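Note that this is a predicted model, so its numbers are computed, not measured.
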Amino acid sequence: MSLIGVIGAGVMGVGVAQNLAQTGHDVVLVDKDEKILSEALTAIARNTRMSRLMGGPALDVDEVLSRISTAVGAAGAAKCDLVIENVTEDWDTKRQVYETLDAACGPDTVFVVNTSAIPITKVGSVTKRPDKVVGVHFMNPVPAKPAVELIPGVHTSEETVRRTRDLLTAMGKKAVDVKDSCGFVSNRVLMLTVNEAAYLVHEGVADAESVDEVFRSCFGHPMGPLETADLIGVDTILYSVEVLYEHYADSKYRPCPLLKQMTDAGLHGRKSGRGFYTYATN
């Protein structure tokens, strides 16, 4: 693949672009304004520089950045062979992005949906190429996670799956095959856990540190569910739980009011400097 588009320069888009570039791929990173893109390149440079300290490979920052160009608007992805979309977990936003991409990109361009909950068949239905739409649920931080969920939609072709699997292998990822079901495997389980952990704090049963300590010390988890929420983004957690609640119409996915309040207050976790915990800001 000669050029890969990465749509959305937030936390996930930054991770995907870095992972692609450090494994030898040429990338165009696309977002809605130059400021976001400039901040994204700064984050990629910082993360690349710190790679070895975080247990990853030693990387040449200049070499990684030389493989990443930027563009404002979907037209920047027009010449891409494959596009990986990483916008927020909000259906109205994703639908608009795919309608725009569908018009901007050539008919053979594959669309990879990086989503934690939204069904892939639903995304494909708003394009004229449902056979070329496939889901890949990347985990955060993307360069450090060895596996992804690979999710074909009802109409996704075998060729699209093959091309995507080959790219994932080249990125150093193990693709775990999962059928198209809202939330897939990981978030059908994880979002319930995080949402219930938030309820424990909301109801005053325990504070965030105590909840997480139970999972770390009793079950051997490297991170507790609320630490995980801060890493993923409290707002992203809320949107994912809301998607599950709407899709399955099951009360077990009812979003915790604390998640809504924190999202409204801008307490989104690591990326905002404060969530269930407080973080040092640069």
Side-chain angles (χ1 to χ4, degrees), residues 1 4-25 27 29 44 47-48 51 54-57 59 64 68 80-89 94 97-98 109-124 132-154 156-191 193-194 221-223 228-229 231-233 236-237 239-240 243-244:
M1 297 182 187
I4 299 171
V6 176
I7 310 299
V11 173
M12 295 303 295
V14 161
V16 170
Q18 177 189 328
N19 198 152
L20 286 163
Q22 73 185 46
T23 51
H25 299 89
V27 179
L29 182 59
I44 291 170
N47 295 343
T48 302
S51 173
M54 302 301 291
L59 300 170
V64 169
I68 303 174
C80 294
D81 299 308
L82 180 144
V83 169
I84 302 174
E85 169 272 313
N86 310 272
V87 304
T88 186
E89 292 288 78
K94 279 197 186 288
V97 166
Y98 279 96
T109 302
V110 168
F111 292 165
V112 174
V113 190
N114 181 9
T115 178
S116 58
I118 295 175
I120 306 309
T121 303
K122 184 175 183 178
V123 176
K132 294 181 176 64
V133 178
V134 64
V136 175
H137 181 202
F138 289 93
M139 313 295 169
N140 185 39
V142 176
K145 298 296 184 179
V148 299
E149 291 175 298
L150 176 60
I151 313 110
V154 168
T156 306
S157 70
E158 292 184 5
E159 174 63 13
T160 296
V161 173
R162 184 195 63 77
R163 289 177 64 185
T164 305
R165 192 187 302 278
D166 287 348
L167 175 62
L168 292 169
T169 299
M171 292 174 70
K173 305 299 185 194
K174 177 181 180 180
V176 180
D177 295 326
V178 175
K179 291 185 178 180
D180 190 17
S181 173
C182 182
F184 320 122
V185 171
S186 60
N187 281 351
R188 285 279 295 273
V189 177
L190 177 61
M191 293 303 157
T193 303
V194 173
H221 292 195
M223 296 180 67
T228 302
L231 178 63
I232 294 171
T236 300
I237 296 290
Y239 299 149
S240 298
V243 168
L244 290 163

Quick check against the 3.5 Å criterion: does [X] have a side-chain atom that pairs as donor or acceptor with the backbone of [Y]?
X	Y	answer
Asn86	Val6	no
Lys132	Thr160	no
Thr121	Gly153	no

Would you compute the distance between atom [atom1] of [X] and atom [atom2] of [Y] and round it to the nearest 0.5 angstrom?
X	Y	atom1	atom2	result
Thr109	Asp81	OG1	CG	6.5 Å
Asn114	Glu89	CG	CD	7.5 Å
Leu190	Ser116	CG	OG	9.0 Å
Met171	Ile84	CE	CD1	5.0 Å
His25	Ile68	NE2	CD1	12.5 Å
Ser181	Asn187	OG	CG	11.5 Å

Using every non-hydrogen atom in the two residues, find where [X] and [Y] come nearest and quote the distance to one decimal.
X	Y	value
Lys94	Ile118	CD-CD1, 3.5 Å
Val27	Ala21	CG2-N, 4.2 Å
Ile44	Ala17	CD1-CB, 4.1 Å
Cys182	Pro119	CB-CG, 4.0 Å

Are the side chains of [X] and [Y] in touch, meaning some heavy atoms are under 4.5 Å apart?
X	Y	result
Phe111	Glu85	no
Gln18	Leu59	yes
Thr115	Ile120	yes
Asp177	Arg165	yes

ask   = Does the side chain to side chain contact (heavy atoms under 4.5 Å, CB included) test come out yes or no for Ile4 and Leu167, once each step is laid out?
value = CA-CA 10 Å; Ile4 299 171; Leu167 175 62; 3.6 Å; yes

task = Taking atom types as modelled, find out whether Gln22 and Thr48 have a side-chain donor-acceptor pair closer than 3.5 angstrom.
result = no

Could you go through residues 135-152 and list every donor-acceptor pair under 3.5 Å that involves a side-chain atom there, pairing it with any protein atom two or more places apart or in another chain?
{"from": "His137", "atom 1": "ND1", "to": "Glu149", "atom 2": "OE1", "distance (Å)": "2.7"}
{"from": "His137", "atom 1": "ND1", "to": "Ser186", "atom 2": "OG", "distance (Å)": "3.1"}
{"from": "Asn140", "atom 1": "ND2", "to": "Leu231", "atom 2": "O", "distance (Å)": "3.1"}
{"from": "Glu149", "atom 1": "OE1", "to": "Ser186", "atom 2": "OG", "distance (Å)": "2.7"}
{"from": "Glu149", "atom 1": "OE2", "to": "Val185", "atom 2": "N", "distance (Å)": "3.0"}
{"from": "Glu149", "atom 1": "OE2", "to": "Ser186", "atom 2": "N", "distance (Å)": "3.0"}

